[in-house]
Protein chains: 2
Amino acid sequence: MKRIELDLVFGALSDPTRRGMLERLAEGETNVRTLAEPYDISQPAVSKHLAVLERAGLVARTKHGREHRIRAVPAPLEEARSWIGHYARHWKRQFDAVEAYLEAHDMKTEASAPAPRRDTKKET
Amino acid sequence: MKRIELDLVFGALSDPTRRGMLERLAEGETNVRTLAEPYDISQPAVSKHLAVLERAGLVARTKHGREHRIRAVPAPLEEARSWIGHYARHWKRQFDAVEAYLEAHDMKTEASAPAPRRDTKKET
DNA sequence: GCGTTTCATAACCGACCGGTTATGTATCCG
DNA sequence: CGGATACATAACCGGTCGGTTATGAAACGC
């Protein structure tokens, strides 16, 4: 369930136009037209991008007459950041260990050691 | 250029199988078969997922004989996290302001005030 | 050498994505 | 009222995506 949400959040972030819109929204609420301004795409394309962002919960909409004011919603982003952060810690540790190993054995650039010096203790 | 990279990173993260693989990689390097084990998909499908992760720079590969040892690479994730973090600060501020406003005016749930009490000073 | 294992590549399929044009629906305004 | 403005929706199109089966290539082990 959370999985699906993350799918949508990361999926929404994978497009530069949508990221650009979110960046713009950091400056404050705007209507759709203003949000679309920097991009050389049709108005329906903008509506679609907004729909994607909305489905992911990244933006919310408040109708003011014929205008739709769009604002960013930080919660899903925090979730995404948290996911990354949670695993990044492990990865970093892992990565550092590998780096240290390669460094120590002077094996940078493509390992593959075909005839291994068998004094390495096979660390399962 | 960085834009394209972020596209790839977020795009790679938008799939639950690939996120699962990264989670698994937090526990350490593995070969492709082991990485594929939890998923009920064909081996070529796994290869494709790995290719996506590799293109995004999230994963690196070292051939050991016929095995390909896969490991996580933290750098692109840090970049993604940093992007989120950079704008999340603004969004949060923005969001809190809006929340406070709605709270103060008791306007939670769908605003749109059709017949506005016209003592509000029209704040552009 | 030969079968097995590990993985990649090719070709194909249905679904979705990002874009378009055309049209519809409210709302504002003169 | 009627036109203009702000937006959504529908229908379509080419490309990518996630999956498949079939096949290929390289390394291991007997």
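Keep in mind it's a predicted model, so treat the numbers as computed, not measured.
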Identify all pairs in which a protein N or O lies below 3.5 Å from an N or O of nucleotides 7-14 of chain D, and state each distance.
residue: D:dC7; atom: OP1; partner: A:V32; partner atom: N; Å: 2.9
residue: D:dC7; atom: OP1; partner: A:H68; partner atom: N; Å: 3.3
residue: D:dC7; atom: OP2; partner: A:R33; partner atom: N; Å: 2.7
residue: D:dC7; atom: O3'; partner: A:H68; partner atom: ND1; Å: 3.3
residue: D:dA8; atom: OP1; partner: A:R61; partner atom: NH1; Å: 2.0
residue: D:dA8; atom: OP1; partner: A:R61; partner atom: NH2; Å: 3.2
residue: D:dA8; atom: OP2; partner: A:S47; partner atom: OG; Å: 2.1
residue: D:dA8; atom: N7; partner: A:Q43; partner atom: NE2; Å: 2.7
residue: D:dA8; atom: N6; partner: A:Q43; partner atom: OE1; Å: 3.2

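Atom pair B:L8:CG and D:dC17:C1' shows a separation of 14 Å (rounding to whole Å applied). Atoms OH (A:Y39) and C1' (C:dG18) sit 15 Å apart, rounded to a whole Å. The NE2-C1' distance, from B:H64 to C:dT5, rounds to 17 Å in whole Å. Atom CZ in B:R55 sits roughly 11 Å away from atom C1' in D:dT16 (whole-Å rounding). Straight-line distance from the CG atom of B:L35 to the C1' atom of C:dT6: 14 Å, rounded to whole Å. Whole-Å rounding puts the A:L13 CG to C:dG18 P distance at 12 Å. Distance, B:R19 CZ to D:dG18 P: 12 Å, rounded to whole Å.
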Stepwise side chain to side chain contact (heavy atoms under 4.5 Å, CB included) test for A:R24 and A:T34: CA-CA 10 Å; A:R24 170 65 183 77; A:T34 306; 3.7 Å; yes
Take A:V59 and A:L25 through the test side chain to side chain contact (heavy atoms under 4.5 Å, CB included) and record every step on the way to the result. CA-CA 9 Å; A:V59 302; A:L25 286 175; 3.7 Å; yes
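A:L22 and A:W83 end up in the same hydrophobic cluster when Ile, Leu, Val, Met, Phe, Trp and Tyr side chains are linked at under 4.5 Å. At a threshold of 4.5 Å between side-chain heavy atoms, the hydrophobic network of Ile, Leu, Val, Met, Phe, Trp and Tyr places A:Y87 and B:L53 in one connected group.
The nearest pair of heavy atoms linking A:F10 to B:L13 is CD1-O, 3.4 Å. Across A:A45 and A:I41, no two heavy atoms sit closer than the pair CB-CD1, 3.9 Å.
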